[in-house]
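Data first, discussion second: the structure below is written as structure tokens.
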Amino acid sequence: MASVRVCAIDDLGVNEAARFVIEGVPIAVVKDAAGEIFAIGDTCTHGDISLSEGFVEDDTLECWAHGSKFSLTTGKPLTLPAYEPVPVYQVELKDGDVHIDPAVKLAV
């Protein structure tokens with residue numbers, strides 16, 4: 001499958017996560033304070049909670065329900081109670097838009 005346009009770069013808030021479902025795959029897309037964009041699996045591996053409803057801090061996305069922080073670059077949980085990583089997806093920026101291919105995972 002080819003990458004799919006999910007939104008415009010400017011549609012993403014700084015230090016916020018947005019949820020998109022691409023080909024049935026829920027993905028959290030984050031723009032950090034430096035303007036870098038990341039895409040990770042949107043479902044917390046501890047409690048089946050949407051990570052995009054959580055908190056962005058530095059290079060992590062924190063689950064609002066139980067506090068597990070996941071690395072935006074590796075998908076690995078950095079705090080308990082989660083111990084399983086979430087997938088990390090390749091992000092392509094084209095003509096001011098964010099494109100993601102849910103079949104291309106960088107990690108997990």
Is there a donor-acceptor pair under 3.5 Å between the side chain of [X] and the backbone N or O of [Y]?
{"X": "Thr74", "Y": "Lys76", "result": "yes"}
{"X": "Asn15", "Y": "Ala33", "result": "yes"}
{"X": "Thr79", "Y": "Lys69", "result": "yes"}
{"X": "Ser71", "Y": "Pro77", "result": "no"}

Output the distance between atom [atom1] ([X]) and atom [atom2] ([Y]), rounded to the nearest 0.5 Å.
{"X": "Asp59", "Y": "Phe38", "atom1": "CG", "atom2": "CZ", "answer": "7.0 Å"}
{"X": "Leu61", "Y": "Ile40", "atom1": "CG", "atom2": "CD1", "answer": "4.5 Å"}
{"X": "Glu53", "Y": "Arg19", "atom1": "CD", "atom2": "CZ", "answer": "8.0 Å"}
{"X": "Asp97", "Y": "Arg5", "atom1": "CG", "atom2": "CZ", "answer": "4.0 Å"}
{"X": "Asp58", "Y": "Glu62", "atom1": "CG", "atom2": "CD", "answer": "11.5 Å"}
{"X": "Glu36", "Y": "Leu93", "atom1": "CD", "atom2": "CG", "answer": "9.5 Å"}

Minimum heavy-atom separation for [X] and [Y], please, with both atom names.
{"X": "Ala82", "Y": "Ser68", "result": "N-OG, 2.8 Å"}
{"X": "Ser50", "Y": "Asp42", "result": "OG-OD2, 2.8 Å"}
{"X": "Ala17", "Y": "Val30", "result": "CB-CG2, 3.7 Å"}
{"X": "Gly75", "Y": "Val88", "result": "N-CG2, 3.3 Å"}
{"X": "Leu12", "Y": "Ala18", "result": "CD2-CB, 4.0 Å"}
{"X": "Phe70", "Y": "Glu84", "result": "CE2-O, 3.6 Å"}

Side chain to side chain contact (heavy atoms under 4.5 Å, CB included) test vs Ile100 passes for just one of Ile27, Ile37, Val4, namely Ile27
For Ile49 and Trp64, what are the C-alpha separation, side-chain angles and deciding distance, and is it a side chain to side chain contact (heavy atoms under 4.5 Å, CB included)?
CA-CA 8 Å; Ile49 302 290; Trp64 64 269; 3.1 Å; yes
So Ser3 and Lys94, side chain to side chain contact (heavy atoms under 4.5 Å, CB included) or not? Walk me through it.
CA-CA 11 Å; Ser3 63; Lys94 299 178 186 175; 3.4 Å; yes
Taking a hydrophobic cluster as the set of Ile, Leu, Val, Met, Phe, Trp and Tyr residues connected by side-chain heavy atoms closer than 4.5 Å, whether directly or through intermediates, do [X] and [Y] fall within one such cluster?
{"X": "Val21", "Y": "Val29", "answer": "no"}
{"X": "Phe20", "Y": "Val91", "answer": "yes"}
{"X": "Val86", "Y": "Val25", "answer": "no"}
{"X": "Leu72", "Y": "Ile9", "answer": "no"}

Kindly indicate, with the supporting measurements, whether the criterion side chain to side chain contact (heavy atoms under 4.5 Å, CB included) is fulfilled by Thr60 and Phe55.
CA-CA 8 Å; Thr60 66; Phe55 312 101; over 6 Å; no
Note: Glu16-Lys31 ion pair, threshold 4.0 Å (strictly below)
no
